[in-house]
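Atom set for the values below is all heavy atoms of this structure, side chains included, hydrogens, waters and symmetry mates excluded. Below, chains carry the letters A, B, ... as their sequence lines are ordered, and counting in each starts from 1.
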Amino acid sequence: MDGRTVWLAMAVLVSAAALSGCSGETFTDEEKATIALLSLASLPPLPPDPTNKYADDPAAAALGATLFFDQRMSIDGVVACGTCHLIDKQFQDDLPRGKGVGTTDRRTMPLAGVAWGPWFFWDGRRDSLWAQALTPLEEQREHGGTRAFYAHFVAENFNERYQRIFGPLPDLSSVPEQAGPFGTDAEKAAWATMTPEQQDDVNRVFSNLGKGIAAFERSIAPQETRFDRFAGAIAAGTEPSEDAALTDEEIAGLKLFIGKANCSTCHTGPRLTDDSFHNTGVPVVAGLPEDLGRETGAKEVAADPFNCLGKFSDAGPEACGELRFMVKDDPRLTRAYKPPSLRGAATRPPYMHAGQFATLEEVVDHYSRAPAAPSGQSELHPLNLSERERQQLIAFVKTLSN
Amino acid sequence: MKSGWLYALAVAVLVLVAYGAHVATLDARSAKPELDLARSQTTSGGLYVAAIEPEVADVKQGVLHSWVLTVKTADGQPVDDARVAIDGGMPEHNHGLPTSPRMTEYLGNGRYRIEGVKFSMSGRWELRFDISAAPGSDSVTFNLVL
Ligand SMILES: [Cu+2]
């Protein structure tokens, strides 16, 4: 090697070092704005729920917390909300499909930050947290009881507490032990024999139980993660250090997430969800009944007697914008699901609405290939990610977990 | 020795300058043609002049809000009794609006309240209005950047 070549090599090295220093750590203003939007610091205060006048009543929340973990609230006496929504597991159960009295067709959803969203369930078939809570209680594979059963249960076990919060309990003496519109044939028949007034009385108690449980769930807030501390430092223009630092690999993953990989188009805002519904071509699970996602969910929520416009809602129609202006009858609703929050996702496999993917590697592979949807049209386009980019994305998703 | 250092420095500077130029051309190429963000536009067939104004001071991502659409004829007369249909989406992402906004009230003087608008993500959105009234049917598309 002559002198020239050595100096040339040194020059290239020096400039390479200078260039890597400037492209690795810095963000464009646009990237900084997106990072700030994803950060917990931009989470608005808990929105009020005008459909539930007990939403912020501490006594209702305390009763709701008790009910959430009470296994007697089920037909077999061993299923509570907390059976599937485990308090020490981000309120989910690590299973591909939730298991109560039987096995359901969908993945149990985590509950952190749930009260910030307008739609509940993977397909958004309920429009309030209290109307949501009523659904598993009467689903045969979850709690398996009927609304008459729950009304009697409260009257027997929480009589005083109930009345202090919600007012007088109706006379339930002539209401059948088990009766409801969704139960067994015998339970449906028993419901049909009740007078409209009796049905109304039971519906009122039942909806109040939901409102108490919802008041409790409103307290389940998302937790600060390393990413949020990092975002805080970026916003403040300070050097992220120690428990706020991200590695080069994680930063590269963040750049992909908000850039070339387009993840933040749907996983946006501080809860990493746009609260809307998207078909992402997730495969069907063999053996499960047909699942059309939001296509069915939109119809169900419109017909739900406990929705925002129904008589058990405490709000007038002016508070029901989400329901009144929701998209219905649109082909893009077929197999569209709500993007889950990615907060805590890294530590709660399996993934997707029926637990289709066991690992984040499988998730990222899915986004890289963007296969055609089983029905409807996938919104994704193939990303053709390299092995390195996949690892970077996964590394970033992990910074959203503690 | 000394000339060696100079040589190295010169090459390094050249490399950096070349890189800078490369970045500059990338920027120039990725800069999109100027987007028309006007809140008042003539409809595509020239029948109306339509203007939109949000009813809230600050249009926030992910929050439902209303707009007021003002429809006038080309010579400035307010248009009554119009039927208005709203559509839109994000052309770059190939998706429509996350909600189905509707015209819910005629406010008089060619002004119509449009309720149920929501922008679920940041970026460029299109809002399209199909307007039908006595002079005929016409449409107009507005660009909005969030
Ligand atoms: Cu979009």
Side-chain angles (χ1 to χ4, degrees), chain A residues 3-4 6-19 22-23 28 30 33-34 37 42 44 47 116-118 258 262 264-271 273-279 298 318-333 336 339 377-381, chain B residues 1-20 22-23 26-27 30-31 55 58 60-67 86-90 92-105 113-125 145-146:
Chain A
R4 275 274 165 97
V6 173
W7 288 115
L8 183 63
M10 275 179 64
V12 169
L13 279 174
V14 166
S15 35
L19 289 176
C22 79
S23 64
T28 64
E30 206 182 335
T34 308
L37 277 179
S42 62
W116 273 261
I258 63 177
N262 288 326
S264 64
T265 55
C266 300
H267 298 284
T268 182
R271 287 176 297 117
T273 172
D274 69 351
D275 294 317
S276 194
F277 301 90
H278 303 274
N279 181 326
E318 68 289 346
C320 305
E322 292 285 356
L323 185 64
R324 286 166 57 219
F325 301 106
M326 74 176 173
V327 176
K328 301 178 267 215
D329 303 324
D330 189 308
R332 64 197 155 97
L333 302 185
Q377 188 86 45
S378 173
E379 291 177 31
L380 302 179
H381 304 286
Chain B
M1 234 352 71
K2 208 173 193 180
S3 70
W5 271 111
L6 276 174
Y7 173 73
L9 193 67
V11 172
V13 166
L14 275 175
V15 169
L16 286 168
V17 165
Y19 178 78
H22 161 77
V23 168
L26 270 185
D27 280 352
S30 62
E55 286 205 309
D58 180 18
K60 284 208 188 74
Q61 181 179 329
V63 180
L64 278 179
H65 58 278
S66 310
W67 291 70
I86 302 104
D87 203 349
M90 292 183 90
E92 277 94 1
H93 298 163
N94 264 320
H95 62 74
L97 297 174
T99 56
S100 295
R102 284 194 309 273
M103 191 266 281
T104 52
E105 200 181 349
R113 173 170 288 128
I114 312 296
E115 272 189 87
V117 181
K118 179 150 108 175
F119 302 118
S120 46
M121 57 179 81
S122 51
R124 175 166 86 93
W125 290 85
V145 173
L146 206 69

- Message: List the residues meeting ring-ring contact (aromatic ring centres under 6.0 Å, His included) with A/His381, not counting sequence neighbours, and say none if there are none.
- Response: none

- By side chain to side chain contact (heavy atoms under 4.5 Å, CB included) - contacts of B/Ser100 (at least two apart): A/Val327

- Item | Point-to-point distance, once rounded to the nearest 0.5 Å, from CZ of A/Phe325 to OG1 of B/Thr104 | 5.5 Å

- Task: Against chain A, label B/Lys60 side chain, backbone, both or neither, depending on which of its atoms sit under 4.5 Å from a heavy atom there.
- Result: neither

- Item | Max heavy-atom pair count under 4.5 Å with chain A, selected residue of B/Gly123, B/Ser122, B/Gly96 | B/Gly96

- Query: Given that the side chain runs from C-beta out, which part of A/Thr265 has a heavy atom under 4.5 Å from chain B: side chain, backbone, both or neither?
  - Reply: both

- Query: Can you find a pair of side-chain heavy atoms, one from B/Pro98 and one from A/Asp274, that are under 4.5 Å apart?
  - Reply: no

- Task: Could you tell me which portion of A/Glu30 (side chain, backbone, both or neither) has an atom closer than 4.5 angstrom to a non-hydrogen atom of chain B?
- Result: neither

- Task: Counting only heavy atoms closer than 4.5 Å, note whether A/Pro118 contacts chain B via side chain, backbone, both or neither.
- Result: side chain

- Message: I need the A/Cys266 SG to B/His95 NE2 distance, nearest 0.5 Å.
- Response: 6.5 Å

- Message: Quick check on B/Thr99 against chain A: is it the side chain, the backbone, both or neither that has a heavy atom closer than 4.5 Å?
- Response: both

- Query: So, the side chain of B/Arg102 versus the backbone of A/Arg324: is there a donor-acceptor pair under 3.5 Å, distance only?
  - Reply: yes

- Task: Rounded to the nearest 0.5 Å, what's the gap from CD on B/Gln61 to CG on A/Leu37? Could you check?
- Result: 5.5 Å

- Kindly compute the distance separating OG (A/Ser276) from CG (B/Leu97), expressed to the nearest 0.5 Å. 10.0 Å

